[in-house]
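The structure appears right after this line, and notes come after that.
Chain A is the first sequence line, chain B the second, and so forth, proteins listed ahead of strands; every chain is numbered from 1. All values derive from a computational prediction rather than experimental measurement.
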Amino acid sequence: MAQVSLQNIRKVYPNGYEAVVPTSFDIKDGEFVVLVGPSGCGKSTLLRMVAGLEDISEGVLSIGDRNVNHVDPADRDIAMVFQNYALYPHMTVRKNIGYGLKNRKIAASEIEAKVQVAAKMLNLTDFLERKPSQLSGGQRQRVAMGRAVVRDPALFLFDEPLSNLDAKLRHQMRIEIKALQRRLGVTSIYVTHDQVEAMTMADRIIVLNAGRIEQIGTPAEIYHRPASTFVASFMGAPPMNLLKADCSEKRVILKGNVAVTANAADGPIVLGIRPEDIEVGEACDIPFTVDIVEELGAHRLLHGQLDGQDLTIHVGKDVAVSAGPIRISINPDAVVLFDAETGLAL
Amino acid sequence: MTDTTQLAIVKRPLRWGRVLDHLVLILGALFMLIPLLMVLQTTTTTDLETIKNGPELVIGDQFDDNFMSAMFQASGFSGENTGIQMLINSLILGIGFALGKIAIGMMAAYALVYFRLRFATFAFWLIFTTLLLPLEVRILPSYEIAQKLGLLNTYTGLIVPLIASATATFFFRQFFRSVPEELVEAARIDGAGPVKFFIDILVPLSQTMIAAMFIIMFVFGWNQYLWPTMVTTEEGMYTLVRGIKQLTQDLEGTNIPKYGRANMLALIAILPPVLVVIFFQSWFVKGLTESDK
């Protein structure tokens, strides 16, 4: 168990492409941090630099209080779970889990004891003699977890471990991984492009875009107070509504003569509002036409246009709406304003 | 639907195309089998009968005698080149040749694929172009080197100069490139260094590929004729393929050639490659088609 610190970590490939701009953040002991972003945002590169599989171009990486920039992956006291499991196909589950220990010249009896503990923790005891090809996707993922757990490392690294599983299994493994991490209290870095995984598993989320950090924060902060229009549109399904508007005299005027106070200079502005922060009702003040209703059982999503811009509204299952004109109102406390040019929150 | 149309479906009409297909196949099979059957027939009759009547349809009673003389009777002056000794020599050559080629090819491919070498691609193509330079082209310099190193009439001299193999390197390189990158990374994190990764992960993964290579290379090595003829002059070092030639040399003299013995030796020479192919057959197909990763 250890804290991890990245100071001005940068990655430039030999062809000059800068995959990660100088990036700094700290991870507390036992914290579960999720790196999330679209593909090509540098999140995997960052993780692989922490693992030691990729050279660090610039900056200082420390795990515990040790600078590990030039330490071999095997000696960084880390364990990694890969997207395609990366199990050794010719070894049984028992040997797969024990291989890392065997290479560390640990006595066979001790390896066996540790493998048993890990297998029990992951419900793999009955499968120890099987080969990976004889296991289901979920079981393989658990073996990969077992291989990480058995080493008792200071840091877990997860590289999109659930993206090869079907939706139902993914949901279940999400909870299992989170519970296991809680139980063991091991510091973890988890890379995903799935914002639901990020929201549900993280103690803290780091949102990355084009090799730079957009925002670091708890899931609630990221969701309710996005630092930029990128975060606002990337996190949440459906994403936050972003409406282009004009600010004059500290007020943003919307359709229906509704005004939202804005502490900003005059000029164009982007107004962000989560779909569930829009209310629907007769007494509301903004006229709106619903084009499409998405029925999702527990709730409904209404799609339409406001001032020629797409707007999505999230309503409970007891609100009966069909396509056609309705009236809505925006919760002013939930509005986030962004600079129209830079996209940063004001 | 009436009964007649149903019948027509069950009884497939005779198509001349199919007959032709089978005819070609049957002719091909006979073309391959008849020489073998003739060899088999000759091994059962006395040499006198063979030279008088040629190949016959009768199976004689000389199989045992011919077998015993082929295996245990020396044909040269020194009395060292019995069939059994030549069989051993051939096996040593075939197995040593195959294993050597596999070992060298695997290691060369490992270096080319997994290590960041300067000019790795260039090195690979350099190795690959040696396919255009078969032994026959370089036989004189090769012989000179073997001779200067004192390798004439040794198993080392028989095997080592033939071992470097572009074919094996090429196949293993293609195979290693298909091994997922994540496996290499997982092994690195698990603390497996280059040697351990090679032995613990890569060699077991390559099992089917190794088996496929073994068949090809064993048969190739077994059938070597020119190089063994150059390098071995002592009769005790003769290989089977070479020994058969010596037996039929009598044809040039006034003696009756030892047909039975020579053909028996030919039969014995065919067996090991056939057995290797039968034994490794399923691996062979797997190795070249399936990827078990």
- Decide side chain to side chain contact (heavy atoms under 4.5 Å, CB included) for B:Ile189 and A:Arg76; before the verdict, give the C-alpha distance in whole Å, the side-chain angles of both, and the deciding distance to 0.1 Å. CA-CA 9 Å; B:Ile189 290 178; A:Arg76 290 192 181 191; over 6 Å; no

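- Between A:Arg151 and B:Asp190 there is a salt bridge, since a side-chain N of the basic residue sits under 4.0 Å from a carboxylate O of the acidic one.
- Within the 4.5 angstrom heavy-atom criterion, no atom of A:Lys95 approaches chain B.
- Counting heavy-atom neighbours within 6.0 Å of B:Phe220 CZ, excluding the residue itself, gives a total of 12 or less.
- When the shell of 6.0 Å around CG of A:Asp166 is examined, it contains more than 12 heavy atoms from other residues, nucleotides or ligands.
- Separation of atoms NZ (B:Lys196) and NZ (A:Lys102) is listed at 7.0 Å; rounding is to 0.5 Å.
- Contact annotation for A:Leu101: neither backbone nor side-chain heavy atoms come within less than 4.5 Å of a heavy atom of chain B.
- Here the closest non-hydrogen pair linking A:Tyr99 and B:Ala192 is OH-CB, 3.5 Å.
- By the neighbour-count criterion of 12 heavy atoms within 6.0 Å, atom CZ of B:Phe115 is densely surrounded, having more than that number from other residues, nucleotides or ligands.
- Taking all atoms of both residues into account, the shortest heavy-atom contact from B:Gly191 to A:Ala74 is CA-CB, 3.4 Å.
- Using a 4.5 Å cut-off between heavy atoms, A:Arg48 contacts chain B through its side chain alone, with no backbone atom that close.
- For the pair B:Glu182 and A:Gln83, the tightest heavy-atom approach, listed with the atom from each and the gap, is OE2-N, 3.5 Å.
- Panel note: side chain B:Glu185, backbone A:Leu53; no donor-acceptor pair is recorded below 3.5 Å.
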- Message: Pair B:Asp200, A:Tyr88 - check side chain to side chain contact (heavy atoms under 4.5 Å, CB included), show working.
- Response: CA-CA 10 Å; B:Asp200 286 355; A:Tyr88 310 120; over 6 Å; no

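- Within a 6.0 Å radius of OH in B:Tyr225, more than 12 heavy atoms belonging to other residues, nucleotides or ligands are found.
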